[in-house]
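Lettering follows sequence order; numbering is per chain, from 1.
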There are 2 protein chains.
Amino acid sequence: MEEKETFNHLPHKTIARLSQYRRALLLCLSRGKSHIFSHEIATIQHITPVQVRRDLMLIGYSGTLRKGYNIKELINLIANIIDSEEGIKVAIVGMGNLGRALINYFSGKRHKLSIVAGFDTNPDKIGNTMNGVPCYSASMMKDIIQQEGIQIGIITVPAENASQTANELVAAGIKGLLNYTPKPIDVPEYVYLEEYDMITTLEKVAFYVKMRSLEEE
Amino acid sequence: MEEKETFNHLPHKTIARLSQYRRALLLCLSRGKSHIFSHEIATIQHITPVQVRRDLMLIGYSGTLRKGYNIKELINLIANIIDSEEGIKVAIVGMGNLGRALINYFSGKRHKLSIVAGFDTNPDKIGNTMNGVPCYSASMMKDIIQQEGIQIGIITVPAENASQTANELVAAGIKGLLNYTPKPIDVPEYVYLEEYDMITTLEKVAFYVKMRSLEEE
DNA sequence: ATAACAATGTTATTTTATTAACAATTATTT
DNA sequence: AAATAATTGTTAATAAAATAACATTGTTAT
Ligand SMILES: NC(=O)c1ccc[n+]([C@@H]2O[C@H](COP(=O)([O-])OP(=O)(O)OC[C@H]3O[C@@H](n4cnc5c(N)ncnc54)[C@H](O)[C@@H]3O)[C@@H](O)[C@H]2O)c1
Ligand SMILES: NC(=O)c1ccc[n+]([C@@H]2O[C@H](COP(=O)([O-])OP(=O)(O)OC[C@H]3O[C@@H](n4cnc5c(N)ncnc54)[C@H](O)[C@@H]3O)[C@@H](O)[C@H]2O)c1
């Protein structure tokens, strides 16, 4: 019996790396490269070639011995694993500095992921569009999310409004949340949540910089 | 012989969590709380109480049995570990949407980390200040970084200028780099590098959203 | 006083992630 | 034609991280 491949058990870290590989591969492709070796991918990503080969093994992709991996094929396979066929729609709540930076960053990128709506409470922002993304009143959140079938929400409101916004998004039926405010939020277990705070990353860099200078002494 | 505690061997993940604990603790403190239990910290951070206790064990902090951990003491200890006494100065290169979002986010936060300079090539931006952070010409980078003793750089220029900017920062003597462009950069091994790309995070969320909806079928 | 409870701190175990080792393969060089 | 070199794919080993188990200790209730 033919077993349907689900890629269900890929390690979390592998998923993240596949996304990065794809980005690097697309760049290589645009430069006219057709094949690539594991050690080339590894160098770009600052990891080891073994890691790359192991990840590709896990997704069942084989290269050729002297040419390496076919870039187009590999991109397609990664797309197959990561992307949803129908595409996934994303909404961003809080069209401030960060919200705008993200929309700006995303627009023009192909991908099966697209930011299709922004929400804000500031009347000056409602009704505008930013890089093709319309800004709606936050009171319309539920309606528009359901109507458009938006599945993922990005939270970039001021920290004090984060949890309320999260609740509204959950109530609207969102399936995944990306919280960029420094305030950790709570969601039901059926909603996939990622939180990211820059300060943590920066403090980590600072810690290792400090450590290294202490070691030198 | 008294051994000087260096916290040299703390797991990477513990470092990141300590930064997060501190943020949560500061919030609790500001609300008038004086003590906190491991399970309370755990709930805020969406992790397990054991994880919290283990991290605190690693840094050698003990709570009291029925009151939990003294918030002030713990904050101070974490500060001791993560922060540098003298403070660390940070520069941001590329005062666009993202650069501004980050400066805006940072300003007002206490911390031993402060963004003290921004750099850009756009004449319209040079000479302005943003939330107290002056924007200098990118050609002044080396001078100002050395003069001010800036140790960490954040890169938020357009992707095509990322590696050149990284080189300039390294040449100026920077010790740690945080790269927000989607273009991976190369630095000498003595420079601590973190790279972050939102697209990876978003694609990860999308993948798990997709997986869960496939599982339901 | 004693039992039950709710915490902490720590060691042991399990899981996840990375790295190493190496056989197999094919192009290139001698 | 044989030796060499470079690369993949995979299994084995190691390392890092998370979780479980549990002894210990005060506190509260009985
Ligand atoms: N994670 C990071 O690295 C990072 C970096 C920068 C900023 N931040 C955080 O992101 C958030 C936004 O930062 P910013 O600089 O863009 O702030 P901002 O003030 O520029 O933007 C916030 C926007 O949210 C809108 N808003 C407020 N309440 C709302 C609500 N209930 N519903 C919808 N919209 C609402 C405001 O009108 C404003 O447009 C802050 O919480 C900040 O701390 C995080
Ligand atoms: N990692 C993420 O999550 C994320 C999110 C958004 C944007 N980005 C990336 O961050 C970068 C900046 O995004 P943005 O929206 O702020 O772009 P932006 O165009 O608004 O800002 C870029 C700024 O860099 C300046 N600049 C250009 N070349 C420079 C140089 N050589 N030296 C100094 N300054 C220079 C420009 O004048 C401009 O002010 C882009 O690479 C973008 O892809 C990353």
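- Nucleic acid contact for B/S62: sugar-phosphate only, since backbone atoms but no base atoms lie under 4.0 Å from a heavy atom of the residue.
- Rounded to an integer number of Å, the gap from A/I41 CD1 to D/dT7 C1' is 13 Å.
- Checked by atom type, the side-chain pair A/Y192/A/E194 shows a donor-acceptor distance below 3.5 Å.
- Across the protein-nucleic acid pair, A/D55 atom CG and D/dG9 atom C1' stand 13 Å apart, rounded to whole Å.
- Taking only side-chain nitrogens and oxygens, B/R17 comes nearer than 4.0 Å to OP1 or OP2 of D/dA18.
- OP1 and OP2 of D/dT7 both lie 4.0 Å or more from every side-chain N or O belonging to A/T64.
- The NE2 atom of A/H35 sits 12 Å away from the P atom of D/dT8 (whole-angstrom rounding).
- Comparing C/dG9, C/dT19, C/dT8 against the side chain of B/F37 picks out C/dT8 as the nearest.
- If you measure from atom CG of A/L58 to atom P of D/dT11, you get 11 Å, rounded to the nearest angstrom.
- In summary, the side chains of A/E73 and A/Y61 do present a donor paired with an acceptor at a separation below 3.5 Å, with no hydrogens or angles considered.
- The closest side-chain donor-acceptor pair between B/T201 and B/Y196 falls under 3.5 angstrom.
- Nearest-nucleotide assignment on DNA chain C puts the 5′-proximal partner with B/S38, out of B/S38 and A/L10.
- The side chain of A/Y61 contributes no N or O atom lying less than 4.0 Å from OP1 or OP2 of D/dT10.
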Stepwise salt bridge (charged side-chain N to carboxylate O under 4.0 Å, His left out) check, B/K183 with B/D197:
CA-CA 9 Å; B/K183 177 100 192 311; B/D197 192 331; over 6 Å; no
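- Each of A/I47 and A/L65 lies near DNA chain C, and the nucleotide nearest A/I47 is the one positioned closer to the 5' end.
- Here B/R53 reaches the OP1 or OP2 of C/dT8: one of its side-chain N or O atoms lies under 4.0 Å away.
- Using a 4.5 Å cut-off on side-chain heavy atoms (C-beta onward), B/F119 and B/I144 make contact.
- Between A/H39 and D/dT7, a side-chain N or O to OP1/OP2 separation shorter than 4.0 Å is present.
- Taking atom CD on B/Q51 and atom P on C/dA7, their separation rounds to 19 Å, with Å as the unit.
- At a cut-off of 3.5 angstrom, the base of D/dT19 holds at least one donor-acceptor pair with the side chain of B/R54.
- For A/M57, counting side-chain heavy atoms from C-beta on, the closest listed nucleotide (D/dA5, C/dG9, D/dT10) is D/dT10.
- The side chain of A/R66 lies closest to C/dT28 when the candidates are C/dT19, C/dT28, D/dT27.
- Rounded to whole angstrom, the span from the OH atom of B/Y69 across to the C1' atom of C/dA7 amounts to 9 Å.
- For the pair A/H9 NE2 and C/dT15 C1', the interatomic distance rounds to 15 Å; values are reported in whole Å.
- Look at B/K13 and you'll find a side-chain N or O under 4.0 angstrom from OP1 or OP2 of D/dA18.
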